[in-house]
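Working notes, structure below.
Note that the coordinates shown come from a computational prediction; the quantities given were computed from them, not determined experimentally. The residues of the chain are indexed from 1 along the displayed sequence.
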Amino acid sequence: MGTLSKRNGPGHLGCFLLGALLPTAFLLFVDSDRAGALLSSMSSLGLGNGLRSNLTSHGGSESAGAGEDDQVMFKGLAELLPRVAMDDRTVIITSVNEAWAQPGSLMDLYLDSFKNGEDTAHLLNHLVVVALDARGFDRCKAVHPHCYHLNATSVDMSSAKRFMSPDYLELVWTKLVFQQRDCDMVWFRNPFRHFPVYADMSCSSDDFKPSRAPLDNPLNTGLYYMKSTNRTIEMMKYWRAARERFPRKHDQAVFVKIRHELIGKLLVRIEPLDTVYYGGFCEYHDDPEKVCTIHADCCVGVDNKVHDLKDFAADWKNYTSLAPEARQKGAFKWTYPTRCRDSVRWRKP
């Protein structure tokens, strides 16, 4: 993230929130004069149940909140982010619930991939895992030093949610309030060098073709990078508010429907990410010399995600254990993600 502009001083806060659907990857770059606005926007978005947040910003100012009975507390968040931030104020954030945090499940795969990737192990020092329930929080604390409990809804967030069920929709929209993304992915190498610095928001794609107009690529918000500017803060508010216009739609589907509005009305610059670097089970490339992340998209069911991500993680270990001469033979192929693609009856676009 050294290519991003930055200012000196302890009040400057930059966040890279990464993760996929419970957990996604989200990147955010926040200047000191916008930290309070960011936290305030999280509060003002609302949660569909009348709750509002009362929190203290990095600079010490407190946003207006509701009464104690209807507040969602973000206590300690403003202090946690700068503590975990890199020198350029970058933070990685993902989210889990109890189901995703079980031993051997998605959180363990996610964390282990940092340890086994190229130039990624040190990034664990800058990763915040947001737990959406108490048991997920307890499990997180047992395996990772930087965990945060977000108690933002009355819905039980602990179990795996059936795709597109009412509880599933509440789950993904709750994550959007905090702006964290998914962790049903693995990291193979440091992804920062491939994010376009001129875009306000860059997000992954299910089927990327550079010949298309950027917004004609099918966008997937399981992994996205965002700078915090006046435009993007307004974009997050606009995105959240659009939920009412598209009932029974999840956050990604709504984003796709309003993407042209975000550009036309708010002048937000949105760019898709190349699947050569940011692949997924929808589309990936057999090029381990370029791949940075693999996301378990085009997949329904935690067990299916875990099974096929484990195969990719094993493939990566086998590849990186080879001598340089063996790597150059060009015979590498990822294990086909059969269970995930069968779960959605995937067909090549």
**Asked** So Trp346 and Tyr336, would you call those rings parallel, tilted or perpendicular, with 30° and 60° as cut-offs?
**Response** perpendicular

**Prompt:** Taking the side chain as C-beta and beyond, is there a heavy-atom pair between Ser204 and Thr275 under 4.5 Å?
**Reply:** no

**Fill in**
Minimal heavy-atom distance between Val143 and Arg139, with the atoms involved, is CG1-NH1, 3.3 Å

**Phe312 and Tyr284 aromatic ring geometry - parallel, tilted or perpendicular at 30°/60° bounds** = perpendicular

**Request:** Compare every heavy atom of Val302 with every heavy atom of Ser105, then report the nearest pair and how far apart it is.
**Result:** OG-CG1, 3.7 Å

**Fill in**
Minimal heavy-atom distance between Asp133 and His149, with the atoms involved, is C-NE2, 3.5 Å

**pair Phe208-Val276: side-chain heavy atoms closer than 4.5 Å** = no

**Request:** Considering non-hydrogen atoms only, spot the tightest contact between Ile258 and Arg245 and give its length.
**Result:** CG2-NH1, 4.2 Å

**Request:** Check disulfide bond (SG atoms under 2.5 Å apart) between Cys292 and all other residues, then give those that pass, not counting sequence neighbours.
**Result:** none

**Asked** Does any non-hydrogen side-chain atom of Phe281 lie less than 4.5 Å from one of Asn304?
**Response** no

**Request:** For a side-chain contact (heavy atoms from CB on, under 4.5 Å) with His146, tell me which candidate from Leu81, Ile92, Val84 qualifies.
**Result:** Val84

**Linked, directly or transitively: Val186 and Phe114 (ILVMFWY side chains, under 4.5 Å)** = yes

**Message:** Name the residue from Lys209, Arg212, Glu271 that meets the side chain to side chain donor-acceptor pair (under 3.5 Å) definition with Asn217.
**Reply:** Arg212

**Asked** Which of parallel (below 30°), tilted (30 to 60°) and perpendicular (above 60°) describes Tyr110 and Trp187?
**Response** perpendicular

**Complete:** Between Ala313 and Phe188 the two heavy atoms that sit nearest each other are CA-CE2, 4.4 Å

**Prompt:** Step by step, would you call Thr232 with Asp200 a side-chain hydrogen bond (donor to acceptor under 3.5 Å, both in side chains)?
**Reply:** CA-CA 7 Å; Thr232 55; Asp200 294 305; over 6 Å; no

**Message:** In terms of relative ring orientation, are His194 and Tyr277 parallel, tilted or perpendicular, with 30° and 60° separating the classes?
**Reply:** parallel

**Whether Trp316 side chain and Ser113 backbone form a donor-acceptor pair below 3.5 Å** = no

**Asked** Do the numbers put Arg327 on top of the ring of Tyr319, so that NZ or CZ is under 6.0 Å from the six-membered ring centre and no more than 45° off the axis?
**Response** yes

**Item:** Set of residues satisfying side-chain contact (heavy atoms from CB on, under 4.5 Å) with respect to Lys115, sequence neighbours excluded
**Value:** Asp112, Leu124

**Prompt:** Any sub-3.5 Å donor-acceptor pair from Arg259's side-chain atoms to Val256's backbone N or O?
**Reply:** yes

**Request:** Check the pair Glu234 / Arg231 against salt bridge (Lys or Arg N to Asp or Glu O under 4.0 Å), numbers first and verdict last.
**Result:** CA-CA 5 Å; Glu234 290 305 310; Arg231 284 192 302 270; over 6 Å; no

**Request:** Decide, based on the SG atoms alone, whether Cys298 and Cys340 are under 2.5 Å apart.
**Result:** no

**Message:** For a salt bridge (Lys or Arg N to Asp or Glu O under 4.0 Å) check, start with the C-alpha distance between Asp138 and Arg135, then their side-chain angles and the critical distance, and finish with the verdict.
**Reply:** CA-CA 5 Å; Asp138 290 341; Arg135 290 183 179 178; over 6 Å; no

**Request:** May I have the step-by-step check of side-chain contact (heavy atoms from CB on, under 4.5 Å) for Asn220 and Gln252, ending in yes or no?
**Result:** CA-CA 7 Å; Asn220 186 315; Gln252 177 178 300; 3.0 Å; yes

**Message:** Treating Arg189 as the side-chain partner and Asp119 as the backbone partner, does any N or O pair qualify as donor plus acceptor under 3.5 Å?
**Reply:** no

**Asked** If every non-hydrogen atom of Cys299 is compared with every non-hydrogen atom of Val344, which pair is closest and at what distance?
**Response** N-CG1, 3.8 Å

